[in-house]
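Computed from a predicted structure; not experimentally measured. In what follows, residues are counted from 1 in the order of the sequence shown.
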Amino acid sequence: MEDADLRILVAGATGALGSAVAVLAAERGARVVPAGRDPHRLEQVAGRLGSPAMLRFDAYDSDGCTRLAARAADRLGGLDAVLVTSGTVAFGPAERTSAVIEEHLMAVNALAPMAVLRGALAVIGSGGAVGAITAAIVDRPVKGMAAYQASKAALSAWLDAVRTEQGRNRISVLDARLPHMDTGLVDRAVAGTPPPTPPGADLPAWVAALLEGMISGASVLMPHPVHGAPTLRR
Ligand SMILES: NC(=O)c1ccc[n+]([C@@H]2O[C@H](COP(=O)([O-])OP(=O)(O)OC[C@H]3O[C@@H](n4cnc5c(N)ncnc54)[C@H](OP(=O)(O)O)[C@@H]3O)[C@@H](O)[C@H]2O)c1
């Protein structure tokens, strides 16, 4: 896949990371359909991208999530890639985390991305790519983030299984296990207060690696175990 030929849906393009990857893709010549929940931010990002369409979705509308890729394909005359960048976070030790918060994280961070990508698999042809941002925490637990980690690990496991299934269709499946970045996500937590966070990783470098991972058909994007730089695995 080449950047300039790419027709891509970014679900979560109203967020910090989603808008950054959508803008980078558009700058490189891709045709991008942004999808998001907040109508104002969605209009703003669609304007920056010069998009032919923008799509609203909410994580709790499972059917709407599943239909998203088909709607984007209608507008673009087909679709090569779908990337899910939506998500939310909560903090607190497991014994003080409510079932409501656990369900919310599972709905937004696991079930909704799965629904979007399930719909994408029915639309994207051979040689295409699907992917989602999980988190580096999947491999390295952090105290006070059990519910968040569990939701991201569920998505990561689903992506692993789907990658095995899609080998026959030549559709690549990217699990982007990103490290902490200063996007303001921790300040938008739906519960709890964040533990002391490490310095944020280099956002432009990770966003570039994320796009590269989608285009090159990589399986995993993760911090290098020694120096922490973005590392793509085939
Ligand atoms: N920032 C980090 O340090 C970091 C590290 C590892 C992984 N991640 C993951 O990267 C992704 C993006 O994070 P970010 O830092 O860019 O955060 P962000 O700026 O807060 O973006 C979050 C995105 O998720 C969307 N969203 C939240 N709840 C939703 C719902 N119920 N329905 C539909 N969309 C919903 C938001 O939509 P609206 O704005 O339209 O409401 C927004 O597009 C998340 O999955 C996060 O877990 C982030």
S.K.: Considering only heavy atoms from C-beta outward, does the side chain of R234 approach that of S216 to under 4.5 Å?
M.R.: yes
S.K.: Among residues at least two apart in sequence or on other chains, which ones pass side-chain hydrogen bond (donor to acceptor under 3.5 Å, both in side chains) with Q149?
M.R.: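 In terms of side-chain hydrogen bond (donor to acceptor under 3.5 Å, both in side chains), with neighbours along the sequence ignored, Q149 is linked to no residue.
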S.K.: Following the transitive rule for hydrophobic clusters with a side-chain heavy-atom cut-off under 4.5 Å over Ile, Leu, Val, Met, Phe, Trp and Tyr, establish whether M181 and V142 coincide in one cluster.
M.R.: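 No, no single cluster joins them.
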S.K.: Which pairs count as side-chain hydrogen bond (donor to acceptor under 3.5 Å, both in side chains) when at least one residue sits in residues 7-20, sequence neighbours excluded?
M.R.: R7-D80
S.K.: Honestly curious: do V186 and I133 fall in one hydrophobic cluster under the side-chain, below-4.5 Å linking rule?
M.R.: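 No.
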S.K.: Check the hydrophobic clustering (I, L, V, M, F, W, Y; side-chain heavy atoms under 4.5 Å; chains of links allowed) and say if I215 and L9 are grouped together.
M.R.: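 Result: no, two separate clusters.
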S.K.: Within this structure, what is the CD-CG distance for the pair E27 and L211, rounded to the nearest 0.5 Å?
M.R.: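 E27 atom CD to L211 atom CG measures 10.5 Å (nearest 0.5 Å).
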S.K.: Which atom names give the shortest non-hydrogen contact between A110 and A154, and what distance separates them?
M.R.: CB-CB, 4.1 Å
S.K.: Which pairs of donor and acceptor atoms, one on a side chain in residues 36-49, lie under 3.5 Å apart (sequence neighbours left out)?
M.R.:
from, atom 1, to, atom 2, distance (Å)
D38, OD1, H40, N, 3.2
D38, OD1, R41, N, 2.8

S.K.: For a 4.5 angstrom cut-off between non-hydrogen side-chain atoms, does V33 reach L55?
M.R.: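 When only atoms from C-beta onward are counted, L55 and V33 do touch, with a gap below 4.5 Å.
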S.K.: Tell me the closest heavy-atom pair linking A22 and V10, and the distance in Å.
M.R.: CB-CG2, 4.2 Å
S.K.: Measuring from W206:CH2 to L221:CG, what's the distance to the nearest 0.5 Å?
M.R.: 5.0 Å
S.K.: Are the side chain of R168 and the backbone of E165 linked by a donor-acceptor contact shorter than 3.5 Å?
M.R.: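 Checked: pair present.
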S.K.: Looking at side-chain heavy atoms only, is the closest gap between L17 and L178 below 4.5 Å?
M.R.: yes
S.K.: Measuring from L117:CG to L155:CG, what's the distance to the nearest 0.5 Å?
M.R.: 7.5 Å
S.K.: Taking side chain as C-beta onward, heavy atoms only, is I8 less than 4.5 Å from R31?
M.R.: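 Not touching, per the 4.5 Å side-chain cut-off.
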S.K.: Test of understanding: with side-chain hydrogen bond (donor to acceptor under 3.5 Å, both in side chains), list the residues that count as partners of S51, not counting sequence neighbours.
M.R.: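 side-chain hydrogen bond (donor to acceptor under 3.5 Å, both in side chains) list for S51, sorted by chain: empty.
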S.K.: So do the side chains of L83 and L210 get within less than 4.5 Å of each other, counting heavy atoms only?
M.R.: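 In contact.
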S.K.: When you measure from the side chain of K143 to the backbone of G92, do you find a donor-acceptor pair of N or O atoms at a distance under 3.5 Å?
M.R.: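 Side chain of K143 to backbone of G92: no pair is present.
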S.K.: What closest approach, in Å, do R163 and D160 show between heavy atoms, and which atom pair accounts for it?
M.R.: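 Shortest heavy-atom contact: NH1-OD1, 2.8 Å.
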S.K.: If you round to the nearest 0.5 Å, how far is CG of L159 from CZ of R177?
M.R.: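 Nearest 0.5 Å value for the CZ-CG distance: 9.0 Å.
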S.K.: Any heavy-atom pair between the side chains of E212 and L232 that's under 4.5 Å?
M.R.: yes
S.K.: Tell me the closest heavy-atom pair linking P34 and A53, and the distance in Å.
M.R.: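 So the two residues come closest at CD-O, 3.2 Å.
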S.K.: Would you say the side chain of S86 lies within less than 4.5 Å of the side chain of F57, judging by non-hydrogen atoms?
M.R.: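 Yes; the side chains approach each other to less than 4.5 Å.
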S.K.: Are V108 and L111 linked, directly or through intermediate hydrophobic residues, by side-chain heavy-atom contacts shorter than 4.5 Å (ILVMFWY only)?
M.R.: no
S.K.: Below 4.5 Å, heavy atoms only, C-beta onward: do V82 and V116 meet side chain to side chain?
M.R.: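 V82 vs V116: side chains touch.
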S.K.: Do other residues, nucleotides or ligands put more than 12 heavy atoms under 6.0 Å from R96 CZ?
M.R.: no
S.K.: Do L6 and V207 sit in the same hydrophobic cluster, where Ile, Leu, Val, Met, Phe, Trp and Tyr count as joined when their side-chain heavy atoms come under 4.5 Å apart?
M.R.: yes
S.K.: Would you check if the side chain of T231 reaches a backbone N or O of A229 as a donor-acceptor pair within less than 3.5 Å?
M.R.: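 Judged by distance alone, yes, a pair lies under 3.5 Å.
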S.K.: Apply side chain to side chain contact (heavy atoms under 4.5 Å, CB included) to V190 and H104, showing your working.
M.R.: CA-CA 9 Å; V190 290; H104 181 67; 3.9 Å; yes
S.K.: Looking only at non-hydrogen atoms, find the nearest pair between P223 and P179 and report the distance.
M.R.: CG-CB, 4.2 Å
S.K.: Under the salt bridge (charged side-chain N to carboxylate O under 4.0 Å, His left out) rule, collect the residues that match up with R71, sequence neighbours excluded.
M.R.: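 By the salt bridge (charged side-chain N to carboxylate O under 4.0 Å, His left out) rule, R71 matches no residue at all.
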S.K.: Could you tell me which residues satisfy ring-ring contact (aromatic ring centres under 6.0 Å, His included) with H180, sequence neighbours excluded, listed by chain and number?
M.R.: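 Partners of H180 under the ring-ring contact (aromatic ring centres under 6.0 Å, His included) test: none.
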S.K.: Output, in order, the C-alpha distance, side-chain angles, deciding distance and verdict of side chain to side chain contact (heavy atoms under 4.5 Å, CB included) for V89 and Y148.
M.R.: CA-CA 6 Å; V89 72; Y148 178 75; 3.5 Å; yes
S.K.: Say you draw a straight line from CG of D202 to CG of D182; how long is it, rounded to the nearest 0.5 Å?
M.R.: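 The CG atom of D202 sits 11.0 Å away from the CG atom of D182.
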S.K.: State, to 0.1 Å, how close A26 and V32 come at their nearest heavy-atom pair, and which atoms those are.
M.R.: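 Looks like N-CG2, 3.9 Å.
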S.K.: Hey, what do you get for CG (L174) to CE (M214), rounding to the nearest 0.5 Å?
M.R.: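 Reported value, rounded in 0.5 Å steps: 6.5 Å.
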S.K.: Using a distance-only test with no angle check, is there a side-chain donor-acceptor pair under 3.5 angstrom linking D175 and S156?
M.R.: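 On atom types as modelled, these side chains qualify, holding a pair under 3.5 Å.
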